[in-house]
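Read through the structure below, which is laid out as structure tokens, and then see the notes.
Numbers restart at 1 for each chain; the letters A, B, ... are given by sequence-line order, proteins then strands.
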Amino acid sequence: MCGRFVYAAQCGENQLAFPQVVFPNEIPLRYNIAPGQDITAIANTAEPRADTFKWGLIPSWAKDHKIGNRLINARGETLAEKPSFRTAFKRRRCLIPATGFYEWQRNPDGKTKTPMYIALKSGAPFAFAGLWESWHSPEGQRIQSCTIITTEPNDLMAPIHNRMPVILPANAYDLWLDPAERTDLQALLSPYFAQEMTAYPVSTLVNSPINDTPDCLKPAKPPEQSALF
DNA sequence: CCAGACGTTGTT
DNA sequence: GTCTGG
DNA sequence: CCAGACGTTGTT
DNA sequence: GTCTGG
């Protein structure tokens, strides 16, 4: 799955990576983005424009916004059928700019976990495939929210975790952002090219979302292997 | 007809 | 909102 | 994803 | 254990 990510691009790099998108502001630099927080996404509106969305999709029919806490990911394999996602899959897709993400890999002891940082070898920004919604609270307040789509792991991710977020290749952005209703996009939701990605362990500093600093990206020593043989 | 679910992950 | 189950 | 809370009453 | 909050 994907429960934490990073956006720490160089100034101007986002416009280079997403030339067709309007950025009213630079995307804030973040080193430890957690579910429930406001993130920047590009919705498939007539003019693709970076905007703010709460991470954790709140379906339009929800009575309570808290359901979004559990819908931070959506399985790509079943999007078209799930009541919470199928309409958004047809009509409300988005790109979520990132420069990396974290996954917690279970250690050989079977109990503890080591956080891993995963990014492109190029270090360039990329985009998660996402869905967005606009929810109206009973009090009349509007909340825009979004979710990150997941798929099976590629060869790099398989040892780390049994799911990974969908990273779209740049040549798929226009198709994913087509404002038209469409149902032919499932093929885009596949694992990204493993040979273009890299992964390394980081410290447990990243465990707490309070820590949102460049230190989160520092390589850490891998966990001790079991001496029992 | 109305009531109730609607999701992912990980863990057991 | 829309589908399933009772 | 992980961290942290998880409760009531009465008093200030 | 399970839910909420970040």
Side-chain angles (χ1 to χ4, degrees), chain A residues 1-7 28-40 52-92 96 98-119 128-138 142-143 145-153 157-167 181 183 189 191 199 201-213 215-217 220 223:
Chain A
M1 76 173 308
C2 180
R4 287 306 166 82
F5 70 97
V6 174
Y7 186 88
L29 298 190
R30 297 289 309 280
Y31 303 90
N32 193 2
I33 303 170
Q37 296 180 344
D38 283 343
I39 66 178
T40 299
T52 300
F53 293 79
K54 189 178 159 69
W55 183 11
L57 188 137
I58 309 167
S60 57
W61 42 261
K63 293 186 182 67
D64 184 350
H65 69 93
K66 287 201 280 287
I67 191 174
N69 292 339
R70 303 225 281 251
L71 304 184
I72 66 171
N73 293 131
R75 290 179 70 89
E77 298 89 330
T78 54
L79 280 181
E81 302 110 55
K82 295 293 182 183
S84 294
F85 301 130
R86 59 193 170 195
T87 313
F89 181 42
K90 269 193 284 192
R91 297 205 278 265
R92 287 180 296 277
I96 299 170
T99 57
F101 61 97
Y102 301 102
E103 293 284 3
W104 278 257
Q105 178 174 21
R106 191 162 293 280
N107 294 328
D109 68 15
K111 292 177 229 154
T112 57
K113 291 177 179 178
T114 300
M116 304 286 288
Y117 179 66
I118 300 107
F128 294 128
L131 304 176
W132 64 277
E133 277 287 355
S134 182
W135 181 76
H136 290 87
S137 74
R142 192 176 74 117
I143 301 180
S145 63
C146 66
T147 190
I148 295 174
I149 298 169
T150 64
T151 186
E152 56 188 5
M157 292 300 302
I160 300 173
H161 205 70
N162 64 339
R163 302 290 294 169
M164 70 178 282
V166 172
I167 296 171
E181 208 170 292
T183 51
L189 307 180
V202 293
S203 86
T204 53
L205 183 74
V206 77
N207 283 17
S208 175
I210 291 168
N211 302 314
D212 184 4
T213 69
D215 284 348
C216 291
L217 301 179

For DNA chain B, the dot-bracket pattern of Watson-Crick and G-U pairs whose distances stay under 3.5 Å, | for other-strand partners
||||||......
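Here, dT8(B) and dC1(D) have their P atoms 13 Å apart, quoted to the whole Å. dG4(B) sits 30 Å from dG6(E) when the C1' atoms are compared, rounded to a whole Å. A gap of 27 Å separates the C1' atoms of dG1(E) and dT9(D), to the nearest Å.
Contact annotation for Ile67(A): no contact, since no heavy-atom pair falls under 4.0 Å across all strands. Among the heavy atoms of the strands, none lies under 4.0 Å from Ser60(A). Note on Phe85(A): only backbone sugar-phosphate atoms sit closer than 4.0 angstrom, heavy atoms only; bases stay farther off. Using a 4.0 Å heavy-atom cutoff across all strands shown, Thr87(A) reaches no nucleic acid atom at all.
Using a 4.0 Å cut-off between charged nitrogen and carboxylate oxygen, Lys66(A) and Asp64(A) count as a salt-bridge pair. The pair Arg163(A)-Glu77(A) counts as a salt bridge, with a side-chain nitrogen and a carboxylate oxygen less than 4.0 angstrom apart.
A nucleotide of DNA chain E counts as in contact with chain A when one of its atoms lies under 4.0 Å from a heavy atom; the first and last such, 5' to 3', are dT4(E) to dG6(E).
Residues Ile58(A) and Gly68(A) share a closest heavy-atom pair of CG1-CA, 4.1 Å.
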Quick one: which protein N/O atoms are closer than 3.5 Å to N/O atoms of nucleotides 2-7 of chain D? Pair and distance per line, please.
{"unit_1": "dC2(D)", "atom_1": "OP1", "unit_2": "Lys113(A)", "atom_2": "NZ", "d": "3.2"}
{"unit_1": "dC2(D)", "atom_1": "O4'", "unit_2": "Arg4(A)", "atom_2": "NH2", "d": "3.1"}
{"unit_1": "dC2(D)", "atom_1": "O4'", "unit_2": "Asn207(A)", "atom_2": "O", "d": "3.4"}
{"unit_1": "dC2(D)", "atom_1": "O3'", "unit_2": "Asn207(A)", "atom_2": "O", "d": "3.4"}

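Here the C1' atom of nucleotide dC1(D) and the CZ atom of Arg30(A) are 14 Å apart, to the nearest Å. Here the P atom of nucleotide dT8(B) and the CG atom of Asn162(A) are 13 Å apart, to the nearest Å. Nucleotide dT8(B) holds its P atom 17 Å from the CD1 atom of Ile58(A), rounded to whole Å. In this entry the distance linking CD1 of Ile148(A) with P of dT9(B) reads 12 Å, nearest Å.
Under the 4.5 Å side-chain criterion, counting only non-hydrogen atoms from C-beta, Arg4(A) is not in contact with Ile33(A). Side-chain contact between Ser134(A) and Arg142(A) is present, with at least one heavy-atom pair separated by less than 4.5 Å. Within the 4.5 Å cutoff, side-chain heavy atoms of Leu57(A) are placed close to those of Phe85(A).
The ring-ring contact (aromatic ring centres under 6.0 Å, His included) test with Phe5(A) singles out one residue from Tyr117(A), Trp55(A), Tyr102(A), and that residue is Trp55(A).
No donor-acceptor distance shorter than 3.5 angstrom exists from the side chain of Asn73(A) to the backbone of Thr150(A), with no hydrogens or angles considered. For the pair Glu133(A) (side chain) and Cys146(A) (backbone), a donor-acceptor distance under 3.5 Å is absent.
Around atom CG of Leu29(A), more than 12 heavy atoms belonging to other residues, nucleotides or ligands sit under 6.0 Å away.
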Is there a side-chain contact (heavy atoms from CB on, under 4.5 Å) between Ile96(A) and Ile39(A) once you walk through the steps?
CA-CA 8 Å; Ile96(A) 299 170; Ile39(A) 66 178; 4.0 Å; yes
